[in-house]
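The block underneath contains the structure these notes are about, expressed in structure tokens.
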2 protein chains.
Amino acid sequence: MMASAPYASPCTCFQIRRAARVITGRYDAALAPLGLRITQFSVLAHLMTTPIALTALADMLVMDRTTLTRTLKPMLAAGWLTLEAEATDRRVKLARLTEAGTALFEQAVPLWRNVQRGVKDDLGRDFVRDLHDRLTTVWEGLSHAP
Amino acid sequence: MMASAPYASPCTCFQIRRAARVITGRYDAALAPLGLRITQFSVLAHLMTTPIALTALADMLVMDRTTLTRTLKPMLAAGWLTLEAEATDRRVKLARLTEAGTALFEQAVPLWRNVQRGVKDDLGRDFVRDLHDRLTTVWEGLSHAP
DNA sequence: TTCTTTTAATTGCATATACAATGTTGTATA
DNA sequence: TATACAACATTGTATATGCAATTAAAAGAA
């Protein structure tokens with residue numbers, strides 16, 4: 001996991017995956033004291049306001065529905081959330097945070113803020129803001145086009 | 001895997017993972033006709049010039065050594081490369097492309113070029129160049145500073 | 001109302017990812 | 001030289017990821 005010399009691959013996919021691995025490692029390490037992964041943190045964050053149907057949640061997370069199913073599995077086992085069939089349409093399952101899940105998220109927020117700040121400190125506030133804009137553009141530009 | 005409305009998460013990690021998923025899907029789809037993933041393409045690309053020891057290869061790919069072991073497994077089974085113990089230090093294993101692996105890579109290059117061009121067309125040449133620079137900076141800035 | 005189609009979620013399969021622990025081999029030291 | 005130490009790779013465990021196929025339920029058509 002160590003980098004030797006600045007190597008600029010011409011492959012956009014390699015570049016973004018490499019950067020994602022490095023960043024993910026940083027965030028996972030920050031949340032590890034709570035036994036929480038950044039992926040799980042994102043799920044909790046999206047559920048803080050209201051229960052959400054799994055398909056809608058997968059859309060928000062821009063994640064395959066089947067991936068979400070497996071992502072939720074350990075979180076359900078940990079008791080951070082529950083699934084309940086929707087009354088009007090029993091195909092639909094609503095994901096809802098438990099008190100434990102809510103409490104965990106609130107504990108995690110300061111750790112998340114720390115690592116966000118750390119990244120900003122290392123890369124620069126303007127840099128990170130611009131990076132965000134570009135990553136959003138990537139998602140918008142590529143997820144709609146084939 | 002569909003996006004609904006532009007949602008700008010404040011989490012850098014979420015942002016980059018989301019973008020990485022979208023881009024990876026695009027590249028994997030482009031290489032699918034050859035039964036090849038973009039991750040595997042990257043490995044082949046790095047081995048085209050010369051055989052490389054696994055630790056050195058993992059360093060280049062900025063990937064955990066153990067991840068590399070599993071990444072290589074199906075590629076070895078497919079006969080695209082071989083592992084051989086280094087003569088001077090039998091701990092070291094050299095990964096070397098086979099003829100089949102070399103041929104496959106050469107077949108894959110045009111498909112990779114296509115998808116690279118497609119991404120540039122969708123996002124703009126300057127945008128992609130700047131994105132590359134920033135992703136390289138992310139990697140350099142974060143992988144050295146814990 | 002029955003048959004078909006569509007939609008929601010899961011499961012099977014395969015790869016991607018990394019930490020901890022292990023086994024092996026080379027190097028340094030007492 | 002015997003022993004401790006460091007380096008290389010693999011395996012165990014667990015999560016991350018998505019395509020294809022399946023099951024269940026709702027909606028639409030005959």
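Chain letters run A, B, ... following the sequence lines, proteins first and then strands; every chain starts at 1. The analysis underlying the following values was restricted to heavy atoms, covering all of them including side chains, and did not include hydrogens, waters or symmetry mates.
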Item to check | Under 3.5 Å: donor-acceptor pair, side chain of A/Arg21, backbone of B/Val62 | outcome: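 Checking the backbone N and O of B/Val62 against the side chain of A/Arg21, a donor-acceptor pair under 3.5 Å is found.
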Checklist entry - Within the side chain of A/Gln116, is there an N or O that forms a donor-acceptor pair under 3.5 Å with the backbone of B/Pro10? => result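 Answer holds: yes.
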N/O donor to acceptor pairs below 3.5 angstrom from side-chain atoms of residues 28-44 of chain B, sequence neighbours left out:
{"from": "B/Asp28", "atom 1": "OD1", "to": "B/Ile38", "atom 2": "N", "distance (Å)": "2.9"}
{"from": "B/Gln40", "atom 1": "OE1", "to": "B/Arg37", "atom 2": "N", "distance (Å)": "3.0"}
{"from": "B/Ser42", "atom 1": "OG", "to": "B/Ile38", "atom 2": "O", "distance (Å)": "3.2"}

Which pairs of donor and acceptor atoms, one on a side chain in residues 69-79 of chain B, lie under 3.5 Å apart (sequence neighbours left out)?
{"from": "B/Thr69", "atom 1": "OG1", "to": "B/Arg65", "atom 2": "O", "distance (Å)": "3.3"}
{"from": "B/Thr71", "atom 1": "OG1", "to": "B/Thr67", "atom 2": "O", "distance (Å)": "2.9"}

Between [N] atom [atom2] and [X] atom [atom1], what is the distance in whole Å?
| X | N | atom1 | atom2 | result |
| --- | --- | --- | --- | --- |
| B/Arg21 | C/dT17 | CZ | C1' | 14 Å |
| A/Tyr27 | D/dA16 | OH | P | 17 Å |
| B/Leu36 | C/dT15 | CG | P | 12 Å |
| A/Asp28 | C/dT17 | CG | P | 13 Å |
| B/Arg17 | D/dT15 | CZ | P | 14 Å |
| B/Asp59 | C/dA18 | CG | C1' | 15 Å |
| A/Asp64 | C/dA9 | CG | P | 13 Å |
| A/Lys73 | D/dT15 | NZ | P | 9 Å |

Next on the checklist: I'd like to check the side chain to side chain donor-acceptor pair (under 3.5 Å) partners of B/Thr66; sequence neighbours left out, ordered by chain and number.
Outcome noted: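 With sequence neighbours excluded, B/Thr66 shows a side chain to side chain donor-acceptor pair (under 3.5 Å) to B/Asp64, given in chain and number order.
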Name each donor-acceptor pair under 3.5 Å that joins a side chain in residues 82-94 of chain B to protein atoms two or more places apart or in another chain, with its distance.
{"from": "B/Glu84", "atom 1": "OE1", "to": "B/Arg96", "atom 2": "NH2", "distance (Å)": "3.2"}
{"from": "B/Glu84", "atom 1": "OE2", "to": "B/Arg96", "atom 2": "NE", "distance (Å)": "2.6"}
{"from": "B/Glu84", "atom 1": "OE2", "to": "B/Arg96", "atom 2": "NH2", "distance (Å)": "3.2"}
{"from": "B/Asp89", "atom 1": "OD1", "to": "B/Arg91", "atom 2": "N", "distance (Å)": "3.0"}
{"from": "B/Asp89", "atom 1": "OD1", "to": "B/Arg91", "atom 2": "NE", "distance (Å)": "3.1"}
{"from": "B/Asp89", "atom 1": "OD2", "to": "B/Arg91", "atom 2": "NE", "distance (Å)": "3.4"}
{"from": "B/Asp89", "atom 1": "OD2", "to": "B/Arg91", "atom 2": "NH2", "distance (Å)": "2.8"}

Next on the checklist: For a quick test of reading the model: is some side-chain N or O of B/Arg90 closer than 4.0 Å to OP1 or OP2 of C/dG26?
Outcome noted: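 Yes, because at least one side-chain N or O of B/Arg90 sits under 4.0 Å from OP1 or OP2 of C/dG26.
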Next on the checklist: Among residues at least two apart in sequence or on other chains, which ones pass salt bridge (charged side-chain N to carboxylate O under 4.0 Å, His left out) with B/Arg117?
Outcome noted: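 Not a single residue meets the salt bridge (charged side-chain N to carboxylate O under 4.0 Å, His left out) criterion with B/Arg117.
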Checklist entry - What does A/Thr67 touch in the nucleic acid at a heavy-atom separation under 4.0 angstrom: a base, only the sugar-phosphate, or nothing? => result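 Base: the residue A/Thr67, judged by heavy atoms under 4.0 Å, touches a nucleobase.
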Checklist entry - For DNA chain D, whose closest nucleotide is more 5', that of A/Arg37 or that of A/Glu86? => result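 Between the two, 5'-proximity favours A/Arg37.
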Checklist outcome for this item: Counting primed atoms, P, OP1 and OP2 as sugar-phosphate and everything else as base, the B/S/- map of nucleotides 7-13 of chain D against protein heavy atoms under 4.0 Å is BBBBBBB
Checklist entry - With both distances kept under 3.5 Å, what pairs with C/dA30, Watson-Crick or G-U wobble? => result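 Partner of C/dA30: D/dT1.
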